[in-house]
Amino acid sequence: MKLSVLSCLLLSVALWGCSGLQSKVTKGKVSIVPMPANITEKPDSFLLNKRTVIVAATEADKKTAELFNEWLKMLTDYQLDIQSTGDHNAIILHSGSDTTNAEGYTLDVAQDKITINGNSGRGTFYAVQTLMQLLPFTTHAREMYVPGVNITDAPRFAYRGMHLDVGRHIFDADFIKKYIDLMAMYKMNTFHWHLTEDQGWRIEIKKYPRLQEIASKRKETMAGAYNDNKYDGTPYGGYYSQAMIKEIVKYAADRFITIVPEIEMPGHALAALAAYPNLGCTGGPYEVGTRWGVYDDVFCAGNDSVYTFLENVLDEVTALFPGKYIHIGGDECPKVRWEKCPKCQARMKQEGLKDEHALQSYFIQRMEKYLNSRGKRIIGWDEILEGGLAADATVMSWRGMEGGIAAAKQKHDVIMTPGDFCYFDHYQSLSPGEPLAIGGFLPVSKVYSFEPVPAELNKEEARYIKGAQANLWTEYIPNSSYLEYMAYPRAIALSEVLWSPAEKRNYNNFVDRLRNNLPMLILKGVNYAKHVFEVTGALQENKKGGLEVALDAKLNAGVITYTLDSSAPTPSSAVYAGPIPVAKTGTIRAQLFLNDRRYGNEYFQYFIYHKGLGKKVTMAGEPGKSYNPGNTAALVNGIEGNASYNDGQWFGYNGKDVEATVELDSIQDIHLLGANTINATDNWIYPPKQVTFSVSDDGKSYREVYKQTSFTGKGVNKIRGSVNNVRGRFIRLQMKNYGTIPAGAPGAGSPAWLFVDEFIIN
């Protein structure tokens with residue numbers, strides 16, 4: 001997965017035509033991400049060499065100059081002198097005191113100097129990040145031309161965040177600093193550090209040493225996918241000392257990044273309960289979580305010692321983090337313990353609370369008041385809306401956009417982080433070679449399409465949308481190399497969503513600039529994913545009414561070759577010159593080659609050829625919003641949905657039956673009928689009670705030809721029914737939903753989901 005430094009540099013030479021041994025670099029293409037608000041290219045260019053100086057008068061600007069020098073040394077092996085005055089062959093940094101838009105700046109590259117005027121030190125810092133991208137990305141250059149530009153720039157959103165969960169897997173301080181460096185390069189300004197979880201407490205609290213001794217360690221970790229129910233048998237643990245945290249906070253502040261710590265409450269508290277069992281409703285014993293997911297044991301909302309504990313914890317947390325926000329979680333808090341806990345029920349009666357949701361609101365509001373008294377504001381996940389929102393709370397909307405819309409309408413600040421666009425623990429490619437992830441499908445293109453301000457809000461309400469952030473949950477991300485792979489370049493796409501004017505965003509233009517920008521990641525040693533350049537295929541109808549596959553790769557270089565016999569493409573395979581007809585059952589494989597080397601992921605798609613392929617299909621009822629390919633044609637496109645149901649092929653119905661009818665061109669002989677469904681009861685997805693196929697000549701009168709009532713396999717169940725002496729033009733598939741999930745099973749009492757894909761007719 002990870003390229004060696006040498007191979008990365010060789011690849012950069014192949015892609016960008018630059019040599020690491022050049023002594024002088026000529027003027028290159030202006031290619032900046034995120035896209036500046038206004039940029040004008042000029043014929044002038046500035047020649048940067050060892051005699052160039054940086055002029056910086058304030059301490060903040062001198063620090064920014066030093067950070068620029070660190071980057072320059074990576075490129076040139078030399079650094080520039082930093083002076084208080086100068087006007088020729090100089091990079092002049094000047095910071096003002098404009099607090100109305102402190103992150104704005106102007107940057108002008110002329111023949112004799114580069115002039116940067118930041119609205120504040122923040123603006124100057126971001127201007128220098130832009131300047132870094134104007135430098136040619138090559139190493140050991142003695143001098144280089146900086147292209148002439150005039151830029152006026154400022155961000156669209158004030159909050160531009162990246163999240164990192166260290167509860168499931170912890171990352172050392174050096175990597176946290178690298179994570180912060182990368183955020184700063186792309187003008188992100190908030191690091192949401194998720195420090196406590198069921199599976200591990202990661203921050204030193206001096207008043208409660210058992211948090212370090214017990215809560216920071218678990219006896220083992222899940223191995224493989226969640227439903228495998230396997231464990232590695234290896235103890236795992238770690239935490240950040242307060243000294244380490246102070247060092248990281250300062251490191252971030254030097255790069256104008258604010259850290260928002262998250263201390264989970266009242267749920268996701270099992271690790272803390274293992275250390276201090278008196279804080280739970282049952283008194284334990286508890287052990288630090290080893291399984292992913294949500295646990296019933298949470299902080300007891302009726303126990304005053306819980307609030308004392310959390311207030312003492314937060315006293316130490318607020319002393320470490322100078323930012324205005326403390327994140328208190330508030331998500332995924334089951335109420336089953338509270339419902340049976342005498343202390344919680346007494347608290348509800350004492351406070352006049354109507355239910356356990358109101359009890360959670362009481363808990364959150366009580367902690368908010370305490371943090372307010374310490375000069376802090378709270379952020380919580382959108383569950384804090386339930387039971388009534390705390391007075392000054394900021395809502396982080398993760399379960400879609402709805403929570404953010406509701407909060408904005410109540411005049412509360414909102415950070416948008418919906419799973420469909422911002423959860424970077426989701427798969428980013430449907431390639432069969434992808435490493436294990438939690439699920440979902442979020443390619444770079446979808447991240448880039450994200451619009452943080454919902455259309456449902458009016459202009460006044462939209463002001464409460466302060467920005468957005470990407471979330472990286474680490475259940476399936478055990479090391480820093482894989483974390484980088486999941487974060488980049490998706491984080492770069494989000495940076496442009498949050499910084500650049502919405503009207504200037506263009507995905508194809510972004511990919512072109514990203515391609516020119518990737519050597520920055522190479523020089524920083526980032527194991528970035530190359531899916532944005534992988535070969536993709538789009539199904540479309542051809543002139544004869546059949547289906548064909550149109551291939552594409554966003555890298556505007558190289559050649560796509562393909563095979564139809566399941567063999568791996570090589571540079572000498574058939575060169576793609578136009579759409580490929582789906583004419584038989586088999587696999588289409590395609591690969592982008594650049595200078596005879598593979599680049600990006602391979603396109604790999606198995607197609608089932610059958611009589612219903614591409615034919616008219618009608619379906620009764622609407623599938624669930626999250627499991628809807630958007631077009632009924634997906635039911636007869638020859639592509640079988642995968643077992644992770646994240647590929648946009650499955651139709652999912654919650655508590656409803658399935659009925660679909662395919663119309664063939666004429667009355668024909670039918671020998672086999674089939675469809676696929678899913679059995680994944682842990683995820684509330686049940687096989688149907690019954691599947692029936694019927695045929696008709698006229699679309700009115702149907703006769704049943706095949707029925708099946710047993711579906712025992714786990715995962716994808718392929719229903720195939722052989723039939724004899726059957727003819728028809730209209731073929732109907734009916735699936736009977738399982739009904740209510742039985743007691744004792746996950747989701748008990750809720751309606752079961754029923755999934756269907758690829759209606760096969762032969």
Side-chain angles (χ1 to χ4, degrees), residues 34 99 101-104 120-123 125-126 129 154-166 171 175-195 203 240 245 248-264 317-318 320-331 371 375-382 392-398 404 407 412-418 421-424 447 450 452-453 463-473 483 487-488 490-500:
T99 57
N101 194 344
E103 295 178 310
S120 71
R122 287 178 175 271
F125 178 81
Y126 292 130
Q129 302 309 306
R156 180 184 176 199
F157 291 100
Y159 186 111
R160 306 179 301 280
M162 291 286 290
H163 156 283
L164 180 58
D165 160 33
V166 295
F171 302 87
F175 178 75
I176 299 296
K177 290 177 181 178
K178 182 179 181 181
Y179 196 75
I180 289 167
D181 276 339
L182 293 171
M183 288 177 59
M185 281 170 55
Y186 297 102
K187 303 183 176 73
M188 304 293 258
N189 66 0
T190 308
F191 173 37
H192 175 178
W193 202 359
H194 185 86
L195 290 164
I203 177 173
Y240 302 98
I245 288 174
I248 290 169
V249 168
K250 181 181 185 306
Y251 190 89
D254 287 343
R255 288 149 182 81
F256 295 95
I257 287 176
T258 300
I259 300 181
V260 175
E262 180 174 357
I263 308 299
E264 278 272 18
V317 171
T318 56
L320 291 169
F321 296 95
K324 67 180 179 179
Y325 285 123
I326 301 292
H327 201 301
I328 48 76
D331 63 311
L371 283 167
K376 302 291 186 180
R377 295 178 61 189
I378 68 165
I379 300 182
W381 302 106
D382 56 49
D392 197 33
T394 295
V395 172
M396 196 164 269
S397 187
W398 72 280
H412 282 263
D413 288 348
V414 174
I415 311 301
M416 285 295 189
T417 179
F421 296 96
C422 296
Y423 270 48
F424 289 3
V447 176
F450 176 44
V453 179
R463 293 193 307 108
Y464 291 97
I465 308 300
K466 299 303 179 183
Q469 77 176 23
N471 290 339
L472 269 158
W473 302 101
L483 184 71
Y488 287 89
R490 289 190 286 191
I492 304 176
L494 184 62
S495 79
E496 183 146 309
V497 168
L498 298 177
W499 181 278
S500 304

- Query: What are the two closest non-hydrogen atoms of Gly404 and Ser397, and how far apart are they?
  - Reply: N-OG, 2.9 Å
- Item | Pairwise distance OG(Ser495) to CD(Gln129) - rounded to 0.5 angstrom | 11.5 Å
- Query: Is there a side-chain contact between His194 and Asn471 (heavy atoms, below 4.5 Å)?
  - Reply: no
- Tightest non-hydrogen contact, residues Pro452 and Ile465, listed as O-CG2, 3.6 Å
- Any side-chain heavy atom of Ile176 within less than 4.5 Å of one from Phe171? yes
- Task: Might you work through the side chain to side chain contact (heavy atoms under 4.5 Å, CB included) test for Met188 and Leu498, ending with a clear yes or no?
- Result: CA-CA 9 Å; Met188 304 293 258; Leu498 298 177; 4.3 Å; yes
- Interatomic spacing from OH in Tyr179 to CD1 in Ile248 - rounded to 0.5 Å: 13.0 Å
- Would you indicate whether the side-chain heavy atoms of Tyr186 and Glu496 approach each other to under 4.5 Å? no
- Query: Do Leu320 and Ile203 have side-chain heavy atoms sitting under 4.5 Å apart?
  - Reply: yes
- Message: I'd like to know if the side chain of Asp382 and the backbone of Trp398 have a donor-acceptor N/O pair within less than 3.5 Å.
- Response: yes
- Item | N-O pairing of Asp254 and Lys250 below 4.0 Å | yes
- Query: Can Thr394 and Tyr159 be said to form a side chain to side chain contact (heavy atoms under 4.5 Å, CB included), step by step?
  - Reply: CA-CA 12 Å; Thr394 295; Tyr159 186 111; over 6 Å; no
- Task: Specify whether Trp473 and Tyr423 have parallel, tilted or perpendicular ring planes, treating 30° as the upper limit for parallel and 60° as the lower limit for perpendicular.
- Result: tilted
- Task: For residues Lys187 and Pro155, determine if any side-chain heavy atom of one lies less than 4.5 Å from a side-chain heavy atom of the other.
- Result: no
- Message: Do Glu103 and Trp499 pair up side chain to side chain, a donor and an acceptor below 3.5 Å, judged on atom types alone?
- Response: no
- For Val447, does its backbone N or O pair with a side-chain atom of Arg490 as donor and acceptor, under 3.5 Å? no
- Query: Is the backbone N or O of Gln469 less than 3.5 Å from a side-chain atom of Thr417, with the two atoms forming a donor-acceptor pair by type?
  - Reply: yes
- Item | Heavy-atom side-chain proximity of Tyr325 to Thr190 below 4.5 angstrom | no
- Task: Could you walk me through whether Val166 and Leu195 pass side chain to side chain contact (heavy atoms under 4.5 Å, CB included), step by step?
- Result: CA-CA 6 Å; Val166 295; Leu195 290 164; 4.0 Å; yes
- Can you tell if the side chain of Lys466 reaches within under 4.5 Å of the side chain of Ile415, non-hydrogen atoms only? yes
- Query: When the ring planes of His163 and His192 are compared, do they come out parallel, tilted or perpendicular, using 30° and 60° as the limits?
  - Reply: perpendicular
- Step-by-step side chain to side chain contact (heavy atoms under 4.5 Å, CB included) determination, Arg156 to Val453: CA-CA 11 Å; Arg156 180 184 176 199; Val453 179; 4.0 Å; yes
- Item | Six-ring centre of Tyr251, Arg255 cation under 6.0 angstrom, axis tolerance 45° | yes
- Would you mind reporting whether Leu483 and Leu164 have side-chain heavy atoms less than 4.5 Å apart? yes
- Message: What's the separation between atom NZ in Lys324 and atom CD1 in Ile378, rounded to the nearest 0.5 Å?
- Response: 13.5 Å
